[in-house]
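Written out below as structure tokens is the structure these notes cover.
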Amino acid sequence: MTDGIFSDTVSLEDQILGGLDAEQREVASNLNGPMCVLAGAGTGKTRAITHRIAYGVHSGVYSPQRLLAVTFTSRAAAEMRSRLRDLGVGNVQARTFHAAALRQLQFFWPQAIGGVLPNLLDHKANIIAEAARRLRLSTDRASIRDLAAEIEWAKVSMLTPANYLENAHGRGTPGGFDLTAVARVFQSYEDVKTDRNVIDFEDVLLITVGILQEDPKVAATVREQYRHFVVDEYQDVSPLQQRLLELWLGGRDELCVVGDASQTIYSFTGASPKHLLGFKGQYPSATVVKLVRDYRSTPQVVKLANDLLGSRQSGGTVADAAWAKPLQLVAQRPTGPEPRFMECPDDEAEAAVVAGRIRELIDAGTKASEIAVLFRTNGQSEAYEQALASAGIGYQLRGGERFFARKEVRDAILQLRAATRAVAEESTKEPLGQLVRDIVASLGYTDAAPHSGGALRERWESLAALVALADELAISRGPEFTLMEFVNELQERSVAQHAPTVQGVTLASLHAAKGLEWDAVFLVGLSEGLMPISFADTPESVDEERRLLYVGITRAREHLTLSWSTARTPGGRANRKPSRFLDGLRPDSVLGASARSRAIPRRKAAAPASCRVCGTMLATGAERKVGRCSQCPPTYEEQTFEALRQWRKDEALSNEVPAYVVFTDATLTAIAEARPASLEELAKLAGVGPSKLEKYGEAVLAVLVENGSA
């Protein structure tokens, strides 16, 4: 047997497939032809496909050098490689689309294009800023970020600056610019890249696609190299990635795809589940297997996840394509606690209550590393950082400083590498875990955690994570796993940013939590305007927000808490309402506390046609909104107007939208001058529609009260 991992006395089939359930076994044992695996959250999809690869290689059906497994993140690819090594097929390639394409591009560039491959651009910000300056457009950090995202979407959708405008209808105003301006920035961005002889990550895919389409010899070489393909998270493929996959295949059908349409949460980047859902149509002979046995979560968590999808009311929109018969998970774990629903008076109180609950879990034996607080926007993390710090609970902010960039981690790897020669010379038989402990002890590691917090505790936690990884790999790889192999493993993980577990509570956005799981999960800030986010204003975008919450729920193994606050700040007006997605899921006692049932007038009075000061006819929409001509002075109090402007600015920043999306200047002026004292009066003002009244009505009244204007 390969690598000597398997016993000669037990059949290969039993050794590789014996621990799989019936559906996983069907995936792993059907090695030829197209296959589509519809795999729900926690159903063991990675286990199924890695065992399929291992079974195919060990049985001789697959050549490990001629199989390519593709996924979407470096971390997921590293995890897959690790599992394949454990199964004795470590020479199988598992890469991201970009990594696989870049490897091919580096090899074929000299013969297909000639010369030296241009440098790869790590970040777009500086180039986009230069592109905007060339057009004399004013930008800031936020607008540059939005423009970068829009250009990435355009390129993975296989659009060019020339045809972007005709295909970008409904894209809004990226970075605050109209679509014509965005198209000009797009072209200028491409010009700056050419001038500087650099390419971006999307170019890697685009150029590789171009070479494979135009050069038959290169295409034939690639297709000769790779015979079988496995694609994980197939619901997230973009049109550009799909085109690259088709060119790799070259009309063949040795393809296994795995995905779940209910976990499509990256459509804003160009991802689409249509390829997953249409796989059977493209490959009529394909075997379709559904994995629905959830091994991750308790029946209580699984029920809530199923109910969330089941409560969606179909609107007959194009978004329904992503919801074709959502998989109904079947829990396999023993029963657990019911999910908790918590309503809090304000954000500060919500963070404090969550921190208190986390302390209870830790005191009861749950590891801090097995607890996560998940939120919709990164801006929500600060309150939880402060609350956890005040409670003396360590945390790690996912998306913050990368694990392998920390000084103590870099120092530890240097120490471990330096020790490999001495260890080899002494031929020590000391267990790997103890060996690593001895080496990093010089950097401050001890078996017992320090009682103090702060930097000392963070340093210890980093070193402890390396020690724990050594213990884990010593078990999974066997007693022959050496220190040198451990150091090489760390180097590979560093490149892939596949960090080991750190002993601290994880703080992360819902998007960043995809693919991860914890014993206890806190889903916080679940109020209207944050879940769904305020700028989700189409049926398609609201559906994606529901799927995002579904992903959050299915991260929890046992303990799940869902919370929201009714006001932003202590003492503020309780104008927030729990997310519409929780309707029908929350217990009646909590549902009864919601302000959702309060009747709000929906009719709005017509804007006045003449100035209420001088009586002249009003000529513009802005004049009609405020009921006053531009020649007459405003009648609001300056303090009130400035308070409303500051509130609008804070609201816009919190939701990452332009200020005018909240309220226009004209509407804000009308509010300041009319000084409404109730929702009914506010509803009569032009520019305050039903949705804005529901989102912002109570907050506006609170501002007026605080400034003595209501």
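Because the structure is a prediction, the values reported are computed rather than measured. Start at 1 with the first residue, then count along the sequence.
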Response to the item:
With sequence neighbours left out, the residues meeting side chain to side chain contact (heavy atoms under 4.5 Å, CB included) with Ala383 are Ala351
Worksheet item: Quick check: does any side chain N or O of Glu370 sit under 3.5 Å from a backbone N or O of Thr366, one acting as donor and the other as acceptor?
Response: no
Practice prompt. Could you tell me whether a side-chain N or O of Ser565 sits under 3.5 Å from a main-chain N or O of Ala567, the two making a donor and an acceptor?
Written response: yes
Worksheet item: Any luck finding a side-chain donor-acceptor pair between Ser563 and Glu350 under 3.5 Å?
Response: yes
Discussion item. Tell me if the CD atom of Glu382 is crowded by more than 12 foreign heavy atoms within 6.0 Å.
Written reply: no
Worksheet item: Within a strict 4.5 Å, meaning less than it, do heavy atoms of the Phe97 and Val237 side chains meet?
Response: yes
Discussion item. Quick check against the 3.5 Å criterion: does Lys290 have a side-chain atom that pairs as donor or acceptor with the backbone of Leu327?
Written reply: no
Discussion item. Quick check on side chain to side chain donor-acceptor pair (under 3.5 Å): which of Arg171, Lys155, Arg145 does Glu150 satisfy it with?
Written reply: Arg171
Item to complete: Output every pair passing side-chain hydrogen bond (donor to acceptor under 3.5 Å, both in side chains) with a member in residues 267-279, not counting sequence neighbours, ordered by first then second residue.
Response: Ser267-Glu544
Worksheet item: Who passes side chain to side chain contact (heavy atoms under 4.5 Å, CB included) against Ala149, sequence neighbours left out?
Response: none
Discussion item. Donor-acceptor check, side chain of Arg675 to backbone of Ile671, threshold 3.5 angstrom: yes or no?
Written reply: no
Discussion item. With a 6.0 Å cut-off (strictly less than), is the heavy-atom count around NZ of Lys649, excluding the residue itself, greater than 12?
Written reply: no
Practice prompt. Please answer whether the main-chain N or O of Asp260 pairs with a side-chain N or O of Gln263 as donor and acceptor at a distance below 3.5 Å.
Written response: no
Practice prompt. Compute whether any side-chain donor of one residue and acceptor of the other, for Thr569 and Asp346, lie under 3.5 angstrom apart.
Written response: no
Worksheet item: For Ala183, which residues count as a side chain to side chain contact (heavy atoms under 4.5 Å, CB included) partner, sequence neighbours excluded?
Response: Tyr164
Discussion item. I'd like to check the side chain to side chain contact (heavy atoms under 4.5 Å, CB included) partners of Lys695; sequence neighbours left out, ordered by chain and number.
Written reply: Ser534
Response to the item:
Hits for ring-ring contact (aromatic ring centres under 6.0 Å, His included) against Tyr550, two or more places apart or cross-chain, chain-then-number order -> none
Discussion item. Using the salt bridge (Lys or Arg N to Asp or Glu O under 4.0 Å) criterion, which residues pair with Asp519? Sequence neighbours excluded.
Written reply: Arg557
Worksheet item: Going by distance alone, is a donor N or O of one side chain under 3.5 Å from an acceptor N or O of the other, for Ser381 and Glu385?
Response: yes
Worksheet item: How about Gln332: does its CD atom have over 12 heavy atoms from other parts shown lying under 6.0 Å from it?
Response: yes
Worksheet item: Residues in ring-ring contact (aromatic ring centres under 6.0 Å, His included) with Tyr266, at least two apart?
Response: His511
Worksheet item: Taking the inter-plane angle between the rings of Tyr234 and Phe279 on a 0 to 90° scale, is it parallel (under 30°), tilted (30 to 60°) or perpendicular (over 60°)?
Response: perpendicular
Practice prompt. First locate atom CG of Leu374, then atom CH2 of Trp518, and finally report the distance between them rounded to the nearest 0.5 Å.
Written response: 5.0 Å
Worksheet item: If only atom types and distance count, is the side chain of Ser579 paired as donor or acceptor with the main-chain N or O of Met531 below 3.5 Å?
Response: yes
Fill in: From Arg376, Arg576, Arg580, residue fulfilling salt bridge (Lys or Arg N to Asp or Glu O under 4.0 Å) relative to Glu528
Arg580
Worksheet item: What heavy-atom pair brings Gly175 and Ser143 nearest, and what distance separates the two atoms?
Response: O-CB, 3.4 Å
Item to complete: Spell out, as yes or no, whether a donor-acceptor pair under 3.5 Å connects the side chain of Arg546 to the backbone of Leu308.
Response: yes
Worksheet, complete the sentence: Given the options Ile358, Val521, Thr506, Val373 meets side-chain contact (heavy atoms from CB on, under 4.5 Å) only with Ile358
Worksheet item: For Gln380, what residues pass the side-chain hydrogen bond (donor to acceptor under 3.5 Å, both in side chains) criterion, not counting sequence neighbours?
Response: Thr377
Fill in: For Asp178, side-chain hydrogen bond (donor to acceptor under 3.5 Å, both in side chains) partners two or more places apart
none
Discussion item. Under the rule for ring-ring contact (aromatic ring centres under 6.0 Å, His included), what residues qualify as partners of Trp153, not counting sequence neighbours?
Written reply: none
Practice prompt. First locate atom CG of Asn167, then atom NE2 of His169, and finally report the distance between them rounded to the nearest 0.5 Å.
Written response: 7.5 Å
Item to complete: Quick one: which residue pairs count as a side-chain hydrogen bond (donor to acceptor under 3.5 Å, both in side chains) with a foot in residues 291-300, not counting sequence neighbours?
Response: Asp21-Tyr295, Glu23-Arg293, Arg296-Glu517, Gln300-Thr335
